[in-house]
Number of protein chains: 2
Amino acid sequence: MGSLNMPPLDFDAQKTPHIADLRSPQCRNCDIVREIAFCADLSPDEVKRLATVRCHAALPASFTVFREGDEVDHVYSISAGAVKLYKLMPDGRRQIIGFLFSGDLFGLGIDGGYCYTAETITPTHLCRFTHRKLDSLIAEIPRLERRMFTMAVKDLVSAQDQMLLLGRKTAREKVATFLLRLSRRSIQMGLPPSPVALPMSRADIADYLGLTIETVSRTFTQLKRDGIIGLPASGHCIVNDWEALRELAEGG
Amino acid sequence: MGSLNMPPLDFDAQKTPHIADLRSPQCRNCDIVREIAFCADLSPDEVKRLATVRCHAALPASFTVFREGDEVDHVYSISAGAVKLYKLMPDGRRQIIGFLFSGDLFGLGIDGGYCYTAETITPTHLCRFTHRKLDSLIAEIPRLERRMFTMAVKDLVSAQDQMLLLGRKTAREKVATFLLRLSRRSIQMGLPPSPVALPMSRADIADYLGLTIETVSRTFTQLKRDGIIGLPASGHCIVNDWEALRELAEGG
DNA sequence: CGCAAGTTTGATTCTAATCAACGCTGGTGG
DNA sequence: CCACCAGCGTTGATTAGAATCAAACTTGCG
């Protein structure tokens with residue numbers, strides 16, 4: 001793991017190119033661009049235009065894309081894979097702000113640097129745009145502005161749900177809610193609702209739900225003993241009793 | 001109080017007009033519109049145009065503007081006063097999503113209804129626009145779209161900070177962070193950083209910070225005993241030791 | 001195979017919640 | 001005018017849920 005008190009990552013030491021070395025001209029015009037959520041309803045011409053400003057990178061797992069405080073320069077879109085966004089406190093306490101998957105956008109921020117760190121969970125394909133190019137693109141295709149706004153509002157709504165979870169739910173309720181969210185996200189990506197893929201570690205889940213590793217582990221075990229879920233292999237979770245899980249999640 | 005399990009408010013039973021009865025033509029062209037944050041840099045003509053679509057209402061304290069689940073029809077801007085936004089669980093557990101003040105906007109949401117309840121804390125002056133009129137306004141003044149987007153991103157950043165607070169901070173750290181935020185907000189409104197006004201009840205603070213009333217009360221008392229703050233009168237808090245408060249807030 | 005990292009399980013501690021009582025304040029009505 | 005009451009806030013005693021501390025187990029990899 002080592003994300004908690006690791007020295008700044010030396011990108012070059014990793015077995016992949018430094019993401020900053022990728023330039024648009026070097027990027028092949030692959031069709032992954034179609035998967036970018038905010039251009040889902042663009043015309044072929046517009047997609048082509050988009051392709052000229054984006055560049056694409058394949059990153060390994062546990063790769064830090066940018067850190068909290070880094071100068072904001074790019075916006076990223078996930079073509080495939082999974083990314084976590086997190087904030088750290090000076091003493092190492094960590095809060096994961098979100099788990100992102102295929103189609104999700106990140107890297108928005110206000111002046112003064114990114115306000116979270118972004119790190120891949122699994123090997124991940126990213127598309128990247130500079131804010132400058134994105135702006136000129138928006139000038140060409142004004143619809144994009146509305147689309148970005150809608151996405152920000154959606155993120156805001158999710159964040160508010162997460163506040164309720166963190167502030168008022170018990171460990172059991174938190175885990176149940178988490179599983180249901182991942183399941184819904186699976187459906188959204190065209191996968192079956194169960195088994196739910198859990199690409200992230202227990203530590204990640206704990207830092208997302210405001211719990212400790214041990215409590216997350218115990219809660220999974222407990223839900224399994226209650227017959228509500230099954231844990232066939234690490235990284236996967238079968239839901240046996242949707243009704244019970246839903247009721248639990250809402251505190252019923 | 002009674003916000004937890006009150007029957008749906010009968011607006012007419014209150015001593016103020018039902019907010020839904022207010023129509024644009026009836027609204028005087030008061031200059032309060034200038035205080036709407038998202039039109040701060042508009043030209044006089046544009047402000048005049050804005051005035052034709054907004055309408056204005058003075059509401060008493062503890063007035064429910066809309067409820068979670070209500071059909072989304074309007075966007076609101078606070079001219080003066082304070083509003084809280086909250087979510088409820090079926091069993092009455094409550095999470096306050098945010099405290100809003102003069103200049104703040106609320107009522108954004110996605111299809112399917114508002115995702116929180118909005119209630120005044122103090123007597124409050126609100127401006128209101130239908131989403132429809134706001135859309136036509138945005139068509140006229142495209143700058144507004146960017147402005148709304150920026151505001152949504154700011155809210156998102158705040159929400160992410162709140163996740164860190166709820167998930168990883170101790171009671172002391174939560175209260176310290178809360179006081180610093182209110183103080184910063186005071187400055188932003190042109191008021192001195194201290195004394196910090198606390199128009200909301202202990203119950204509201206508790207439901208905002210993911211604590212109980214008793215813990216909030218005890219923590220205030222403790223910070224007072226430590227000489228970090230003073231509590232001269234209910235509703236106000238003096239900060240004696242900014243450095244200590246800041247250090248506490250960050251977990252130093 | 002052996003090691004390191006991640007996960008599970010168990011024992012104990014601790015923070016904040018719960019339960020309970022009391023005091024303050026502001027509004028109401030006798 | 002003052003007594004009463006309701007709502008809010010504070011304080012104290014006890015409990016509970018999750019954290020911490022500790023150890024064993026599992027998994028994946030060189």
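The sequence lines fix the lettering, A, B, ..., with proteins before strands; numbering per chain opens at 1.
In this model, a donor atom of one side chain and an acceptor atom of the other lie less than 3.5 Å apart for A:Glu119 and A:Tyr86.
Applying the side chain to side chain contact (heavy atoms under 4.5 Å, CB included) test to B:Glu71 and every residue at least two apart in sequence or in another chain returns nothing.
Ring pair A:Tyr116/A:Phe66 is tilted by interplanar angle, where 30° to 60° counts as tilted. Using bins of under 30°, 30° to 60° and over 60° for the plane-to-plane angle, the ring pair A:Phe106/A:Tyr76 lands in the parallel bin.
At whole-Å resolution of the value, CD1 in A:Ile213 and C1' in D:dA22 are 14 Å apart. Distance NZ (A:Lys224) to P (C:dT8): 8 Å, rounded to an integer number of Å. We find that CD1 of B:Ile205 is positioned 11 Å from C1' of D:dG9, with the value rounded to whole Å. Rounding to whole angstrom units, CZ of residue A:Arg202 and P of D:dA18 are separated by 17 Å. Rounded to whole angstrom, the span from the CZ atom of A:Phe220 across to the C1' atom of C:dT9 amounts to 16 Å. Spacing between atom CG of B:Leu231 and atom C1' of D:dC8 amounts to 15 Å, rounded to whole angstrom units. For the pair A:Leu198 CG and C:dT8 P, the interatomic distance rounds to 10 Å; values are reported in whole Å. If you measure from atom CE of A:Met200 to atom C1' of C:dA5, you get 18 Å, rounded to the nearest angstrom.
Contact check on A:Arg93 versus B:Glu250 returns no salt bridge, with no Lys/Arg side-chain nitrogen under 4.0 Å from an Asp/Glu carboxylate oxygen.
The closest side-chain heavy-atom distance from A:Phe220 to A:Ile205 is below 4.5 Å.
Looking at heavy-atom distances under 4.0 Å, B:Thr221 makes contact with sugar-phosphate atoms alone, never a base.
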*What string of B, S and - do you get for nucleotides 16-25 of chain C, 5' to 3', if B is base contact, S is sugar-phosphate-only contact and - is no contact with any protein heavy atom under 4.0 Å?*
SSBB------

